[in-house]
Amino acid sequence: MIVDLRSDTVTRPSPEMLDQMMQAPVGDDVFSEDPTIIRLEEKIATLFGMEAGLFCPSGTMANQIAIRAHTGRLNEIICHELSHIYNYENGGYAFNAGVSIRLVRGERGKMSCEEIESLIQPDHDWLPKTTLLSVENTCNKGGGSVLTIEEMRSISECGRKHGLKTHLDGARIFNALITLNEQPSSIHEMFDSISICFSKGLGAPVGSAIVGSRSFIANCRKHRKVMGGGMRQAGILAAACIYALDNNVERLKLDHSAAQRLAEVISAQDYAENVLPVDTNILIFDLKKFTANEFLQKIDHEGIKAVAFGPKTIRLVTHLDFTDEMLNYVIEKLKNLSRQ
Ligand SMILES: *Cc1c(COP(=O)(O)O)cnc(C)c1O
């Protein structure tokens, strides 16, 4: 058996999803003529209580477009030190937008207003102007940790009080909303833009979106084009995203309980320590007996794949294609490793 727990991006489209893709009406989206993309953009914007949406090829591009559209040269952004835009987008904030960055520290993606305020630059000729506050929920590197509605609201109010624009990297916002038992519309007033991935827990093969005001999204369309993200008959992809929104949101609960179960088992093994609390579908823990590479090799022999998140740190991510049978198999193998 092969069990891939490297990421929730490894899922494959189901026959039902493929069927919906095959039937999608399409057109040239650079001319705004793809009816399925238009439907997806309207659907995701309405869900989040925003005026407009933009379909993008990846979550990274969605974040990069949003950063560029919100900022300019001589600007600086504030985000958490664990955030994806800082760690995993090739320094795109500097490369694409030409801005610098200042980092909030805090447990598992939490951001205090006090610290945000301490990072906002005073007005001097030799200091960049702080213009954007970017928040991540769930926080990937925080172990899929969730910021509550109240936490998001207080971060956003803090930024706005100082005239900052607010962006939410919501690649896994549906995982957070399921854990919080909240609707997407509950957060719309807090952020000027939100990026959302359909190809993570929701199981679409490709696709992300940005939502925001009509004028902001119009500006984002230009940035998407110059980054090479203007696609043509991509309605076949948008159809998969619509299918994912209609069918794969509620079931994220199952991924969360599977991750909980894995965390219980891992916590009881003599080779593991510092198992981060599991809020959603991500499980991060440290190793005692082995290095991360040794551990990955051992589980690879059993057909199980994970990723290293540090020299002694492992990340496992549950998803749509991770069956109960696979869960039981992985649990048995993880227990066996203690006996070696
Ligand atoms: C995965 C992810 C993204 C986007 O990644 P892509 O692989 O480019 O789709 C952005 N932010 C967070 C927090 C993520 O986990």
Side-chain angles (χ1 to χ4, degrees), residues 4-11 13 40 44 54-68 77 79-93 95-97 101 103-104 106 108-111 132-147 152 155 166-179 187 191 193-211 220 223-224 227-229 231 234 237-238 240-241 244 252 255-256 259 276 278-284 306-307 309 315-320:
D4 195 344
L5 297 174
R6 286 173 302 170
S7 176
D8 45 8
T9 56
V10 301
T11 55
L40 172 66
I44 190 75
L54 184 69
F55 186 51
C56 296
S58 72
T60 298
M61 193 189 280
N63 281 334
Q64 292 300 317
I65 290 171
I67 291 170
R68 246 168 79 152
I77 63 184
C79 68
H80 197 279
E81 64 174 340
L82 296 178
S83 64
H84 196 277
I85 62 164
Y86 173 63
N87 290 288
Y88 301 123
E89 298 184 10
N90 265 307
Y93 55 91
F95 186 89
N96 289 310
I101 200 159
L103 303 173
V104 174
R108 308 180 68 222
K110 306 253 186 243
M111 298 166 97
L132 176 66
L133 175 63
S134 181
V135 183
E136 185 173 309
N137 201 11
T138 68
C139 177
N140 179 358
K141 219 170 150 59
S145 51
V146 172
L147 295 173
M152 282 190 280
I155 293 168
T166 55
H167 172 68
L168 175 67
D169 178 353
R172 293 193 181 85
I173 189 60
F174 282 105
N175 293 86
L177 291 167
I178 287 290
T179 292
I187 56 175
F191 299 103
S193 57
I194 304 175
S195 59
I196 302 129
C197 278
F198 304 110
S199 59
K200 297 265 167 86
L202 299 190
V206 178
S208 282
I210 312 170
V211 294
C220 286
H223 285 292
R224 186 185 64 175
M227 284 186 185
M231 297 181 287
L237 301 175
C241 303
L252 289 171
D255 299 346
H256 298 181
L276 289 185
V278 171
D279 290 351
T280 55
N281 65 330
I282 298 180
L283 168 58
I284 293 181
V307 294
F309 247 41
R315 186 189 77 168
L316 302 174
V317 187
T318 58
H319 53 73
L320 189 58

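Residues: numbered from 1 along the sequence shown. What's counted below: heavy atoms across the whole structure, side chains too, no hydrogens, waters or symmetry copies. Whatever order the structure lists ligands and atoms in, that order sets their numbers, starting from 1.
For atom 7 (O) of ligand 1, the closest non-hydrogen atom on the protein side is Thr60 OG1, 4.4 Å. Protein heavy atom closest to atom 11 (N) of ligand 1, with residue, atom name and distance, is Asp169 OD2, 2.7 Å. When only non-hydrogen protein atoms are considered, atom 14 (C) of ligand 1 lies nearest to Lys200 NZ, 2.9 Å. Closest protein heavy atom to atom 9 (O) of ligand 1: Gly59 N, 2.9 Å. For atom 10 (C) of ligand 1, the closest heavy atom belonging to the protein is His84 ND1, 3.4 Å.
Formation of a donor-acceptor pair under 3.5 Å by the Arg6 side chain with backbone atoms of Leu316 is not found in this model.
Rounding to the nearest 0.5 angstrom, the gap separating the NZ atom in Lys200 from the NE2 atom in His319 is 13.0 Å.
Near Asn63, the atoms of ligand 1 lying under 4.0 angstrom from a non-hydrogen atom of the residue are 10 (C), 11 (N). The ligand atoms of ligand 1 that sit less than 4.0 angstrom from a heavy atom of Arg172 are 15 (O).
Between Glu136 and ligand 1, a contact under 3.5 Å exists for no N or O pair. Any N or O atom pair closer than 3.5 Å counts here, and Thr138 shares no such pair with ligand 1.
When side chains are defined from C-beta on, Arg315 counts as touching Ile282, because their heavy atoms get closer than 4.5 Å.
Around CG of Asn87, the count of heavy atoms belonging to other residues, nucleotides or ligands within 6.0 Å exceeds 12.
With hydrogens and angles left out, the side-chain atoms of Asn175 and His256 include a donor and acceptor closer than 3.5 Å. Using modelled atom types, one finds no donor on one side chain facing an acceptor on the other under 3.5 Å when comparing Asp279 with Thr179.
Looking at residues two or more places apart in sequence or on another chain, you find a side-chain contact (heavy atoms from CB on, under 4.5 Å) between Ser134 and Cys79, Ile85, His167.
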